[in-house]
Amino acid sequence: MRIVVGSDHAGLPLKQSLLNGILTEYDVQDVGAFDQSSSDYPRFALLAARSVASGKADLGLLICGTGIGMALAASRVRGVRPAVCTSCYTARMARAHNNANVLCLGGRVLGVGLAEEVVRAFLNTSFEGGRHAQRLEMIEDESD
Ligand code: RB5
């Protein structure tokens, strides 16, 4: 599985921990940020979202202070469905019911241990389709 990851300065420490931990098991592309200097989250969100939308990456992981800015920015790219998750349950549901393809985490919200479990839950859950697919189509229709 190919995963594109990105963060701003606020998400960088958690991203680095995940890159050195659970993400070593995956084929990962890091689009930045690469240092702690203040940076703009939309830059990294859009780079990662375009990678998912084009099929270059299967899933994305974006980390800022809260995950919220990353999700707002990534959601503007057609075909990208970001989800801010703070628990294993929301991560599983984001995949199973919402077919989320970009997980957004808050580096100032989650500790490394929980973040690893949330990432694992997201990556190991598949979309259930069926009625959930119809509901997602309703959202796609709105953006036509
Ligand atoms: C940066 O201070 C912070 O605003 C950003 O990381 C993010 O949380 C925005 O949503």
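Excluded from the calculations below are hydrogen atoms, water molecules and symmetry mates; all remaining heavy atoms, backbone and side chain alike, are included. Please read these numbers as outputs of a predicted model, since none were measured by experiment. Ligands are counted one by one from 1 in listed order, and the atoms in each one are counted from 1 as well.
Put simply, Met93 and Ile68 are part of two different groups of oily side chains (I, L, V, M, F, W, Y) that touch within less than 4.5 Å, one to the next.
Taking every heavy atom of Ala10 and a limit of under 4.0 angstrom, the matching atoms of ligand 1 come to 6 (O). Taking every heavy atom of Gly65 and a limit of under 4.0 angstrom, the matching atoms of ligand 1 come to 5 (C), 6 (O), 7 (C), 8 (O).
Atom NE2 of His132 sits about 13.0 Å away from atom CZ of Arg95, to the nearest 0.5 Å. Distance check, rounded to the nearest 0.5 Å: CG of Leu61 to CG of Leu123 gives 8.0 Å. Separation of atoms OG (Ser17) and CG (Leu110) is listed at 12.0 Å; rounding is to 0.5 Å.
What sits closest to atom 6 (O) of ligand 1 on the protein, heavy atoms only, is Asp8 OD2, 2.6 Å.
Annotation: Cys64 places no N or O atom under 3.5 Å from an N or O atom of ligand 1; distance criterion only. Residue-to-ligand polar distances keep Tyr41 apart from ligand 1: every N/O pair is separated by 3.5 Å or more. Of the N or O atoms in Gly69, one or more lie within a sub-3.5 Å distance of an N or O in ligand 1.
In this structure, Arg108 has a heavy atom closer than 4.0 Å to ligand 1.
The heavy-atom pair separating Val84 from Gly67 by the smallest distance is CG2-O, 3.5 Å.
For atom 2 (O) of ligand 1, the protein comes within 4.0 Å by at least one heavy atom.
Considering only heavy atoms from C-beta on, Val5 comes within 4.5 Å of Lys15 through its side chain.
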